[in-house]
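Step one of this worksheet: look at the structure below.
Below, chain A is the first sequence line, B the second, and so on; all start at residue 1. All values derive from a computational prediction rather than experimental measurement.
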Protein chains: 2
Amino acid sequence: MKVSSRGEYALRALIVLGLHAEEISTIAEISEQTLVPVAYLEQILLQLKLLGYLKSKRGKHGGYMLAKAPDQIVIGEVIRSLEGPLAPMGCVSITSYEACPLEGTCLLKPLWALIRDSIARLLDQTTLAHLIERKL
Amino acid sequence: MKVSSRGEYALRALIVLGLHAEEISTIAEISEQTLVPVAYLEQILLQLKLLGYLKSKRGKHGGYMLAKAPDQIVIGEVIRSLEGPLAPMGCVSITSYEACPLEGTCLLKPLWALIRDSIARLLDQTTLAHLIERKL
DNA sequence: GATTATGTTGACTAACATACTCAGGTATCG
DNA sequence: CGATACCTGAGTATGTTAGTCAACATAATC
Ligand code: FES
Ligand code: FES
């Protein structure tokens, strides 16, 4: 049930950018504050940009900024984009359902559904603004 | 946030054995009902035995049975044994804590803690008996 | 006691995912 | 122009997953 380092790193970066909203931050600056290697961070920031969470400026005095207000960035969506579905099994995933062979009689499915619901409820109720303001 | 096929398979096997309690089941029978390949199932059943959930009998008319009553088999414990901690990050794991470098100032930790708590509460409250009786 | 049905053990493998690195390329500013 | 930044695609080392396979050990039965 682990979250990958890539997901964690992406969220760290979003938090750093959210804390310095209105300012532009270079990859190097973000790397310092997140402890993520520069070359790896480049990849992740680029992906976050393609997903629409960030905007960038090239060249001198370039860098990254949030492309949305922090309260419009839903943590559940970010994690889904980076790591795939939140559900523990495909058969209980709402965003990307996948059938199980035993689904008709399976006694586990209701349990997985409870897990999915509680994870999704938490992560889809939480925005970057909530994290930054420490209001969960 | 996926659960591995190994964990799913183990739970399927426990359910089959729980449904036929008092009787002995061969690996082949369990394999049929769970759709898990025999050779792979062997590994998993053996592990469940070493963990104390199952007992076995060798030779002709041999097979596997539950070693505990279904209401003594806690799903959270089974999953932890097979897949490691339930927590999404080491820094919020109770059973196997591991420090994060940014732990002091990290704004994510409280969120991960909520996730961990809600998963652990669900899985540690559920026993094999609950699954079999469809009472969640 | 030989046969046969069963679990036991350990090694092995193919495929995939993770967590990166690196070598360039391209836009922007001064 | 040239420095500074982001952009892009490829490559790599390591580990995990989901199995397979061959040989062995034990228990019941004929
Ligand atoms: S886990 Fe999908 S049907 Fe049982
Ligand atoms: S995730 Fe462990 S301290 Fe932030």
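Ser56(B) contributes no side-chain N or O that, together with a main-chain N or O of Gly63(B), makes up a donor-acceptor pair within less than 3.5 Å.
Distance check: Leu19(B) CG to Gln33(B) CD gives 8.0 Å after rounding to the nearest 0.5 Å. Considering NZ of Lys2(A) and CD of Glu83(A), their distance stands at 12.0 Å, rounded to 0.5 Å. Separating the CG atom in Leu107(B) from the CD1 atom in Ile15(A) is a distance of 5.0 Å, to the nearest 0.5 Å.
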Check nucleotides 6-9 of chain D against the protein and report each pair of N or O atoms closer than 3.5 Å, with its distance, or say if there are none.
from   : atom 1 : to       : atom 2 : distance (Å)
dC6(D) : OP1    : Ile27(A) : N      : 2.7
dC7(D) : OP1    : Lys49(A) : NZ     : 2.5
dC7(D) : OP1    : Ser56(A) : OG     : 2.7
dC7(D) : OP2    : Tyr64(A) : OH     : 2.2
dC7(D) : O4'    : Arg58(A) : NH2    : 2.9
dC7(D) : N4     : Glu42(A) : OE1    : 3.2

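Two residues are said to be in side-chain contact when any heavy atoms from C-beta on lie closer than 4.5 Å; Pro110(A) and Arg134(B) fail this criterion.
Shown here is Gln43(B), whose CD atom has more than 12 heavy atoms of other residues, nucleotides or ligands within 6.0 Å. Annotation: Glu103(B), atom CD; neighbour count of heavy atoms from other residues, nucleotides and ligands within 6.0 Å is above 12.
Residue Ser5(B) places at least one side-chain N or O under 4.0 Å from the OP1 or OP2 atom of dA18(D). Contact between the side-chain N/O atoms of His61(A) and the OP1/OP2 oxygens of dA5(D) is not found at any separation under 4.0 Å.
The span of DNA chain C lying next to chain B, judged by atoms under 4.0 Å from heavy atoms, is bounded 5' to 3' by dA5(C) to dA11(C).
Residues Ile94(B) and Leu123(B) do not share a hydrophobic cluster, defined by chaining ILVMFWY side chains whose heavy atoms lie under 4.5 Å apart.
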